[in-house]
Number of protein chains: 2
Amino acid sequence: MTRESQGSRAPYGPGQSYESGQPYASDGNRAAVRRPASIKDVAAAAGVSPTTVSHVLSGNRPVNELTATRVRSVVNRLGYVPASLARSLQAGSTSVIGLMIPDISNTFFAELAKGAEDAAHDLGYGLILCNTEFDADREDRYLGMIRSRFIDGMVYASGSPPSRRRLEALMGKFPIALADEEVEGLEGALIATADHEAGGRLVGEHLRALGHRQALVLTGPRALKSGIARANGFVQAFRGEVVERVGDFKEASGYRLVAELLKEGGLPEGCTAVFAANDLMAFGALLALREAGLSVPDDVSVVGFDDIRAASLAHPPLTTVHQPAYDVGRTATAQLLQYVTRGEVPPASRHTLPVELKVRGSTAPATTR
Amino acid sequence: MTRESQGSRAPYGPGQSYESGQPYASDGNRAAVRRPASIKDVAAAAGVSPTTVSHVLSGNRPVNELTATRVRSVVNRLGYVPASLARSLQAGSTSVIGLMIPDISNTFFAELAKGAEDAAHDLGYGLILCNTEFDADREDRYLGMIRSRFIDGMVYASGSPPSRRRLEALMGKFPIALADEEVEGLEGALIATADHEAGGRLVGEHLRALGHRQALVLTGPRALKSGIARANGFVQAFRGEVVERVGDFKEASGYRLVAELLKEGGLPEGCTAVFAANDLMAFGALLALREAGLSVPDDVSVVGFDDIRAASLAHPPLTTVHQPAYDVGRTATAQLLQYVTRGEVPPASRHTLPVELKVRGSTAPATTR
DNA sequence: TTGTAGGCGTTATCAC
DNA sequence: GTGATAACGCCTACAA
């Protein structure tokens, strides 16, 4: 026997209070963690049954006031805290959900995570951070937590194509909500996303109003619907000539795409504006233009998407579309939990959140070049 | 009885595989989650005891190859996945730890979180995101997860003073590691932090080498040791005249402190440099200086601390001290887990990580004014 | 008002 | 090589 079975025999259980006492272990800090008091210990010390202790704490049935007081005092003395694990096992749910995102150090996802965490915390749920780094194996491992019933649901904002197969198997059986990015083939899902297309339209209208008639559009990867939607909205509202180049949402790709064009003889004839599918790519474009001796916004206007923190700090401050990352995370999570708390799998539903154009210093009226 | 007790009687348990079958529930998506197969279901269907199933899966003891194959096939057919909850209950640990931080949308903490998540994932641990928003109640609620034994340990990077009391009670009894910020009175802890003082020294040397002899130092709140250390290191290495102003690590405070000085008759006589205790305050200072018609770096040099993403994008690009936020998170977590996995409370120990001066466009040789 | 007993799903112990 | 049993710690239906 590895542990003494003192538990239910010793009147005070493991004895010492966990609330008072010395802050540090006395044996040089290498203390093994001691066995904490269980409900049985409390019951024994209070001279009642575990049932009564349970009811005193949960209030699920009336208990004699005297008995209750006695129990509570023992609870304090022993520093008893119910083991949530055991409770979860018996309840069949853990009050924990997962949040799958590709990169927490990206401010967009960090904001989204904040919203998700807030929503989860509001309902007393814990949130497990599943940062995938776009790694499908890692994602699979995290999805496994749902199948092993360690988490009650998952907010999924990863969007890397490899994951689809695994997700499909879960969708409709386990509670999952998609955040920010739709996943093709998973239309039967609960999804919260910003209005990417409207954002594109806002940019198109803005540039058109400034007199621009030809623009370069730097899109995200073809596989991601959000990027497509942004470009579509733009093209629709801009009603001018558009040259598209496909990037990957990273700063380097914005730089490369623009630099290549400039090397090949400059921007297309009459092109006075660049719309990048996100801020990072816009920064890359900014850099490439500056290096080529072009002035922003005097020669070329540049617009981004996302409104990350650096956008307003950059030089010139970037005109961009503000995406409600926090709200996306919060909405997806709140919606998901609405079903999770009832033990249901969420039905297909769509929550589209409004975006906002932030006009800053990187756009100006078109000048003929 | 709420659920049919079909479990151990029906030969196929809950029947249907969780791997195959239609991806969506057929009843309009409002499906309640079904009871998944348990080890008993598998055992019954394979004609063996739960013990054997357990051993087939864990490899903890040899099993007849034929039996094992049969069991594995049933496992697949029923889509059985062991309930990690039950396993945790019996093992006495959950393989989950918490990460307490004030604000995940701050890139510094996001990076730290990434490091923590990586370290946790490496050892098969889950990480619960505890975002406190500097709210002591919220922090308390999260600390409760440790007392209810839902998590095996906590990486603590919050640093808001109100939390100390609660933390003290836990320290030395439960596995906690401090990240980034020391907490006064909790010296007996495991702590990983950047070398704030060395960072300050690097800045001091840099400015001195550029010929600066008088500087304005914008510190963080007095309660936070990291900010103090930065300022101390600076003063020590700069060996010139220093005027200190106390801020709160926010952009607005950097702006306000500098603007006030300028209004009161300009920077102190001969002062040609500003060292802000973090990048955000440096940005505020930058803005105030620009508004006053002073040029950075021609009239005044400005240095920050942290090297957040916006630092290199700002105009001028900010000279700053790069803090290894990722490594801080990763180290704290890895160290913590080293003890957690052995069921021990970590001893006091200190891990100081190197910082690096990033010289950019916001500093230049001093000019006499 | 309170207690007894069974079960949540797993693994360790002991016995065959 | 395999199985029965107990235990992890809690909750709750049922009984008194």
Validation: residues 113-121 of chain A side-chain donor-acceptor distances under 3.5 Å, sequence neighbours left out:
{"residue": "Lys114(A)", "atom": "NZ", "partner": "Asp103(B)", "partner atom": "OD1", "Å": "3.0"}
{"residue": "Lys114(A)", "atom": "NZ", "partner": "Ser105(B)", "partner atom": "OG", "Å": "3.3"}
{"residue": "Glu117(A)", "atom": "OE1", "partner": "Arg138(B)", "partner atom": "NH2", "Å": "2.3"}
{"residue": "Glu117(A)", "atom": "OE2", "partner": "Asn131(B)", "partner atom": "N", "Å": "2.9"}
{"residue": "Glu117(A)", "atom": "OE2", "partner": "Tyr142(B)", "partner atom": "OH", "Å": "2.4"}
{"residue": "Asp118(A)", "atom": "OD1", "partner": "Arg138(B)", "partner atom": "NH1", "Å": "3.2"}
{"residue": "Asp118(A)", "atom": "OD1", "partner": "Arg138(B)", "partner atom": "NH2", "Å": "2.6"}
{"residue": "Asp118(A)", "atom": "OD2", "partner": "Tyr326(A)", "partner atom": "OH", "Å": "2.4"}
{"residue": "His121(A)", "atom": "NE2", "partner": "Arg141(B)", "partner atom": "NH1", "Å": "3.0"}

Asp140(A)/Arg147(A) salt bridge by N-O under 4.0 Å criterion = no
What's Ser88(B) touching, base or sugar-phosphate or nothing? Going by heavy atoms closer than 4.0 Å.
nothing
Heavy-atom nearest nucleotide on DNA chain C taken for Val63(A) and for Leu89(A); more 5' hit belongs to Val63(A)
Q. Between the base of dT12(D) and the side chain of Arg61(A), is there a donor-acceptor distance below 3.5 Å?
A. no
Sequence neighbours excluded, the answer for side chain to side chain contact (heavy atoms under 4.5 Å, CB included) partners of Ser73(B) is none
Applying side chain to side chain contact (heavy atoms under 4.5 Å, CB included) to Arg70(B) and not counting sequence neighbours gives Val48(B), Thr67(B)
The nucleotide from dG9(C), dG7(C), dT2(D) with an atom nearest the side chain of Ala83(B) is dG9(C)
To the nearest angstrom, the CZ-P distance between Arg70(A) and dT2(C) comes to 8 Å
Residues at least two apart in sequence or cross-chain that pass side-chain hydrogen bond (donor to acceptor under 3.5 Å, both in side chains) with Ser349(A), listed by chain then number, are His351(A)
side-chain N/O Ser38(A) vs dG9(D) OP1/OP2, d < 4.0 Å: no
Tyr80(B) meets the ring pair (Phe, Tyr, Trp, His ring centres under 6.0 Å) criterion, sequence neighbours left out, with none
Practice problem: Looking at every strand, decide which applies to Ser84(B) at a 4.0 Å heavy-atom threshold: base, sugar-phosphate, or nothing. | Solution: nothing
By ring pair (Phe, Tyr, Trp, His ring centres under 6.0 Å), Tyr125(A) pairs with (sequence neighbours left out) none
With five pairs defining each end axis, the helix from dT1(C)-dA16(D) to dC16(C)-dG1(D) comes out bent, to 10°, by 50°
Contact check, residues 51-60 of chain A vs DNA chain C, heavy-atom distance under 4.0 Å, returns Thr51(A), Thr52(A)
Residues 51-65 of chain A vs salt bridge (charged side-chain N to carboxylate O under 4.0 Å, His left out), sequence neighbours excluded, gives Glu65(A)-Arg72(A)
